[in-house]
Structure formats: C-alpha cells, structure tokens
Novice: 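The structure under discussion is supplied below as structure tokens; questions concerning it will follow.
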Amino acid sequence: MTRLLSSLIIGAIFGLGIAISGMANPAKVLNFFDLFGTWDPSLIFVMGGALITTAIGYRIVFAKQQKPLMGPTFVVPKNKAIDARLIAGSATFGVGWGLAGFCPGGAIPALGLGYSETLIFVAAMIIGIIAARQANKRFQENAILA
Amino acid sequence: MTEFTPWASLSGGVLIGIAAILLMALHGRVAGMTGILSGVIPPLGTDWKWRVAFLAGAIAAPPIYLLLGGNVSFNVPVSMVALIIGGLIVGVGVFFGSGCTSGHGVCGMARLSPRSIAATCVFMIATFITVFITRHILGL
C-alpha cells in the first residue's frame with residue numbers, strides 16, 4: 001500500500017512538472033522545433049532542468065544506496081548496443097512527435113486536462129504500441145522457423 | 001505564437017527530474033513513460049500496480065493544479081488526421097526505439113547511456129525535420 005501511494009505521488013510530481021513546463025501543450029512543443037518559424041526555446045529549459053536534476057540525483061542515489069528503499073533491485077537497462085532497431089524506432093518516434101506535437105510523457109498528464117484531442121492521440125498511440133508488439137512477435141516467430 | 005516561459009519551464013523540468021530521482025531511489029525504476037505505459041497494456045505482467053498508480057498520479061496532477069489556481073495552456077495546432085497518424089507512428093516508434101523523451105531524453109541521458117544519447121539525438125533531429133517539412137514545405 002505504501003509502495004502504491006508513493007508511486008501515485010511520484011506520478012503526480014511528474015504530471016505537475018509536465019503541466020507547469022508546457023510539455024502538455026502541443027503548440028508549445030511544436031514551436032520549440034519550429035526554429036525557422038514561431039520558435040519558442042522554452043523546452044530547452046524543461047529538458048535541461050530535468051536532465052541536470054536527474055543526473056545529479058541519480059549519482060547520489062547510486063553512490064549511497066545498494067538497492068531501492070521500496071524494491072529489491074535497481075531495474076536499469078543493461079543493453080549497450082546502438083542498433084538499427086533503436087535508430088529506426090527513435091527516428092519514427094520523432095516523425096510522429098513532429099506530426100502531432102505530443103510525446104508519451106506529455107500526453108498522459110495532458111489527459112487530465114480533459115480535451116478530446118489528447119484522448120484521440122493516446123488511443124492511437126496505444127494502438128501503435130500493440131501493433132508494433134504483434135509485428136515484432138510475428139517477426140521473431142518467423143525468424144525462429146527460418 | 002506561444003509565450004517564452006523559461007522559469008516555468010525550468011521549474012517544471014526540475015519537478016520531472018525530482019520524480020525521476022524518487023522513482024529510482026524508492027522503487028528502482030526508470031521514469032520513462034513508454035516503459036511505464038507499455039507495462040499496463042495487456043497481457044499484463046506481475047508489476048502493473050505501481051505503474052497504474054504512477055499513471056493515475058500523472059493524470060490527476062494537472063487538473064488538481066488547475067483547481068488550486070494554476071494555469072495550463074493547451075492548444076493543438078494540427079488536424080485530427082495528423083493527431084491520429086502521429087499517435088500511431090509515436091506508438092510504433094517508441095516500441096522499437098525502447099523509449100521516448102522521458103526514458104531516453106531524461107533518465108537514460110542522465111545515466112550517460114550511449115543508447116539513450118543516440119536515441120535522443122535521432123528523435124530530436126527527426127522531429128525538427130518533420131516540423132520543418134509540415135510547416136515550411138507543405139505549409140500545413
């Protein structure tokens with residue numbers, strides 16, 4: 001129960017950060033990328049603030065703690081390979097982000113604002129994740145058969 | 001036009017960072033929205049509960065902030081078609097790319113993960129090019 005409550009509160013801090021920062025607003029996100037149009041550099045401050053804070057905090061956490069206070073181990077990706085899958089996937093994500101102005105971390109908190117556009121984007125995004133998962137499963141099954 | 005908001009954006013960014021630190025220190029997890037969301041899309045694994053709690057908190061925070069007198073600008077300057085196609089493409093991209101702005105751009109970069117640094121550079125450039133094409137070449 002304590003674990004779930006703490007997760008809820010951490011999620012709320014994340015959502016509050018997204019709302020205050022402007023990341024929940026597609027117009028602001030798209031203007032950040034519109035360097036040769038209506039450029040709004042605000043997102044540099046979001047990314048910079050989040051990145052520097054996290055980098056300092058992670059260092060302290062990993063130096064002082066053997067394990068998380070409420071869990072068995074730190075679950076951190078170990079994969080180091082920069083492969084075609086990572087690059088193609090990230091490029092694809094960028095195209096979608098540029099078309100819609102929403103990224104997953106911006107869209108989920110934006111759901112709370114109650115606009116239908118967010119709901120439509122999130123529904124499409126979840127369908128995209130499910131479709132990619134299925135395609136990936138088929139691909140791996142075929143690879144095993146071959 | 002959107003208003004340049006360096007202080008609000010910096011404060012929001014720091015809050016996102018604090019959430020990322022707390023999730024790692026307390027639960028040992030990366031605060032990546034792609035990973036957290038994917039874990040609640042069926043078939044469910046064993047650890048979906050904390051994910052649902054995190055998502056519920058993230059969704060509840062903006063309206064609570066509004067109720068307390070905060071102001072959140074929201075404007076979608078793209079068509080419904082762009083939203084739907086963009087959403088589908090984002091879903092496919094973050095699945096194969098194993099993360100998004102929060103997972104790679106904040107948590108992974110903070111760990112100096114080479115994969116996350118590469119992923120972040122690639123999606124930022126792809127987004128920039130996409131916005132340039134849609135706004136300045138296609139004139140959408």
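Letters go in sequence order (proteins before strands), and every chain restarts at 1.
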Novice: Over all heavy atoms of both residues, which pair between A/Ala100 and B/Ala82 is shortest? Give the atoms and the distance, please.
Specialist: CB-O, 4.1 Å
Novice: Begin from the C-alpha positions of A/Ile20 and B/Tyr65 and carry the test side-chain contact (heavy atoms from CB on, under 4.5 Å) through to its verdict.
Specialist: CA-CA 9 Å; A/Ile20 292 177; B/Tyr65 178 64; 3.7 Å; yes
Novice: Can you say whether A/Leu16 sits under 4.5 Å from chain B via the side chain, the backbone, both, or neither, judging by heavy atoms?
Specialist: both
Novice: Heavy-atom distances under 4.5 Å only: say whether A/Arg59 touches chain B with side chain, backbone, both or neither.
Specialist: neither
Novice: Can you tell if the side chain of A/Ile18 reaches within under 4.5 Å of the side chain of B/Ile16, non-hydrogen atoms only?
Specialist: yes
Novice: Given heavy-atom pairs under 4.5 angstrom as the criterion, report whether the side chain, backbone, both or neither of A/Ile130 touches chain B.
Specialist: side chain
Novice: Could you look at B/Ser102 and say if it's the side chain, the backbone, both or neither that has a heavy atom under 4.5 Å from chain A?
Specialist: side chain
Novice: With only heavy atoms counted, which part of B/Cys107 is less than 4.5 Å from chain A, the side chain, the backbone, both or neither?
Specialist: both
Novice: Tell me, side chain or backbone of B/Ala8 under 4.5 Å from chain A's heavy atoms, or both, or neither?
Specialist: both
Novice: Do side-chain atoms of A/Ser42 reach the backbone of B/Thr5 as a donor and acceptor pair under 3.5 angstrom?
Specialist: yes
Novice: Please state whether the side chain, the backbone, both or neither of A/Ala91 comes within less than 4.5 Å of a heavy atom of chain B.
Specialist: both
Novice: Is it the backbone or the side chain of B/Met80 that comes under 4.5 Å from a heavy atom of chain A, or both, or neither?
Specialist: side chain
Novice: Is it the side chain or the backbone of B/Leu66 that comes within 4.5 Å of chain A heavy atoms, both, or neither?
Specialist: side chain
Novice: Is it the backbone or the side chain of A/Pro77 that comes under 4.5 Å from a heavy atom of chain B, or both, or neither?
Specialist: both
Novice: Considering only heavy atoms and a distance below 4.5 Å, find which of A/Gly71, A/Ala135, A/Ala55 pairs most often with chain B.
Specialist: A/Ala55
Novice: If every non-hydrogen atom of B/Ala119 is compared with every non-hydrogen atom of A/Leu86, which pair is closest and at what distance?
Specialist: CB-CD1, 4.0 Å
Novice: Are side-chain heavy atoms of B/Phe95 and A/Arg85 found at a separation under 4.5 Å?
Specialist: yes
Novice: Measure from the side-chain N and O atoms of B/Arg115 to the backbone N and O of A/Ala81, and report whether any donor-acceptor pair falls under 3.5 Å.
Specialist: yes
Novice: Is B/Arg135 close to chain A through its backbone or its side chain, or both, or neither, when contacts mean heavy atoms under 4.5 Å?
Specialist: side chain
Novice: Which atoms of B/His27 come close to chain A, meaning under 4.5 Å heavy atom to heavy atom: side chain ones, backbone ones, both, or neither?
Specialist: both
Novice: Is the closest side-chain heavy-atom distance between A/Val75 and B/Val30 below 4.5 Å?
Specialist: no
Novice: Does a side-chain heavy-atom distance below 4.5 Å link A/Met47 with B/Thr101?
Specialist: yes
Novice: With a 3.5 Å cut-off and no angle check, do the side chains of B/Ser9 and A/Lys28 form a donor-acceptor pair?
Specialist: no
Novice: A/Val61 versus chain B, heavy atoms under 4.5 Å apart: side chain, backbone, both or neither?
Specialist: side chain
Novice: In terms of heavy-atom proximity below 4.5 Å to chain B, should A/Ser6 be classed as side chain, backbone, both, or neither?
Specialist: both
Novice: Hey, what's the ring geometry for B/Phe54 with A/Phe14, parallel, tilted or perpendicular (30° and 60° as the breaks)?
Specialist: tilted
Novice: Give, as side chain, backbone, both or neither, the part of B/Val14 having an atom under 4.5 angstrom from any heavy atom of chain A.
Specialist: both
Novice: Which atom names give the shortest non-hydrogen contact between B/Val106 and A/Leu51, and what distance separates them?
Specialist: O-CD1, 3.5 Å
Novice: Students often mix this up, so state it plainly: with edges at 30° and 60°, are the rings of B/Phe132 and A/Phe36 parallel, tilted or perpendicular?
Specialist: perpendicular
Novice: Checking B/Leu37 against chain A: side chain, backbone, both or neither under 4.5 Å from a heavy atom?
Specialist: side chain
Novice: For a quick test of reading the model, state the closest non-hydrogen atom pair linking B/Ala110 to A/Tyr58 and the distance between them.
Specialist: CB-CD2, 4.2 Å
Novice: Verify, without hydrogens or angle tests, whether A/Glu117 (side chain) and B/Leu83 (backbone) share a donor-acceptor contact under 3.5 angstrom.
Specialist: no
Novice: Could you grab the distance from atom CD1 of B/Ile59 to atom CG of A/Leu111, nearest 0.5 Å is fine?
Specialist: 5.0 Å
Novice: To the nearest 0.5 Å, how far apart are CG in B/Leu88 and CD1 in A/Ile129?
Specialist: 11.0 Å
